[in-house]
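Residues take their numbers from the sequence shown, with the count starting at 1. Values in this document were obtained by computation on a predicted structure and should not be read as measured data. Computed over heavy atoms, backbone and side chain alike; hydrogens, waters and symmetry mates excluded.
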Amino acid sequence: NLKDVQKYSKALQKALEQTLKRKPNDICRRQWIGKGLDKNNLYNRQKKVFYKKSIPAESNLAVSILIDESGSMSGRKIVEAVRMAVIIEDFCRNFNIPLSIAGHNWSRCVEYDVYKDFDEIDGKDKYRLMQIDSKSCNRDGAALQFCGEHLLKRPEDKKLLILISDGQPNADEYRGVKAKEDLKAIKRNLRKRGVELFAAAIDDDKEYIKAIYGDGFLDMSDLSKLPKTMVRLIENYMDY
């Protein structure tokens, strides 16, 4: 239910707003009007004796989310991935965080679908998120590399890439040790260039994914916590 998803997103946003307002560096002093009386400026000749707490207009963070759309993601897993995508889009839009959401699968070649990009043309990208679906196989390396390169073009200092996957790579001549070593190399390369990469594992191949991504591994055994975990991860990198 879209209304329930939006309601959940607003609750997460409200919680973050309360956290931001409690930060001392968000206090604007010597205001004509405000939320409280600034006792240190009671004798200000201009009578600017109030203070208010403000939230910054924008963040120095860009986020990319890459979703595994392989056939094994069918059922509840892809439904929860879509739900997460809608919540993250709403969250990032309201906090002015540049966001890209893409999906990938493999059928004779890598298919990379951008559902929401950093710079929207028609303002309707969020509606395209409903097209995210399970399809064929997955060749994670090429899709991850492309997604990382796209993110590196952003001017923001902090860059966060989140991979949502339910299993290990499975495509022609791309599986097992070969795929594992390729993904580990891609992760190292992206980190050296300034991209923090996290992989959320949502099925039985958690140990395999953990072996690849190490400190960037997220255990998402409880699918219902996927949206909240992703929002909290983004919060940790917001430069507010």
[X] to [Y] - nearest heavy-atom pair and separation:
X	Y	value
E89	L99	CA-CD2, 3.6 Å
H150	D117	NE2-OD1, 2.9 Å
S224	R76	N-NH2, 3.7 Å
E156	P98	OE2-CG, 3.3 Å
L61	I234	CD2-O, 3.8 Å
R175	P169	CB-O, 3.7 Å

Applying a strict under-4.5 Å side-chain criterion to I, L, V, M, F, W and Y, I'd like to know whether [X] and [Y] cluster together.
X	Y	value
L151	Y237	no
I65	V114	no
M220	I212	no
I164	L190	no
L160	I209	no

Q. side-chain contact (heavy atoms from CB on, under 4.5 Å) between I162 and M84: does it pass, once the steps are laid out?
A. CA-CA 12 Å; I162 304 171; M84 176 217 65; over 6 Å; no
Do NZ/NE/NH1/NH2 and the carboxylate oxygens of [X] and [Y] come within less than 4.0 Å?
X	Y	result
K10	D90	yes
E149	R193	yes
E196	K159	no
R154	D119	yes
K187	D215	yes
E207	K210	no

So do the side chains of [X] and [Y] get within less than 4.5 Å of each other, counting heavy atoms only?
X	Y	value
K126	V86	no
M230	I87	no
L233	L218	yes
D140	I186	no
N105	M73	no
T229	D222	no
R232	L12	yes
Y213	L183	yes

(Q) Going by the rule side-chain hydrogen bond (donor to acceptor under 3.5 Å, both in side chains), which residues pair with S70 if we only count those two or more places apart in sequence or in a different chain? (A)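 Result, side-chain hydrogen bond (donor to acceptor under 3.5 Å, both in side chains) vs S70: D68, S72.
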Q.
The test is side-chain contact (heavy atoms from CB on, under 4.5 Å); show your working for F95 and E235 and say whether it passes.
A. CA-CA 10 Å; F95 283 100; E235 282 182 28; over 6 Å; no
Do [X] side-chain atoms and [Y] backbone N/O form a donor-acceptor pair below 3.5 Å?
X	Y	answer
Y115	A85	no
D182	K178	no
N60	D157	yes

(Q) Is the ring pair Y112/F146 parallel, tilted or perpendicular, if the boundaries are 30 and 60 degrees? (A)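 The arrangement is perpendicular - the two ring planes meet at more than 60°.
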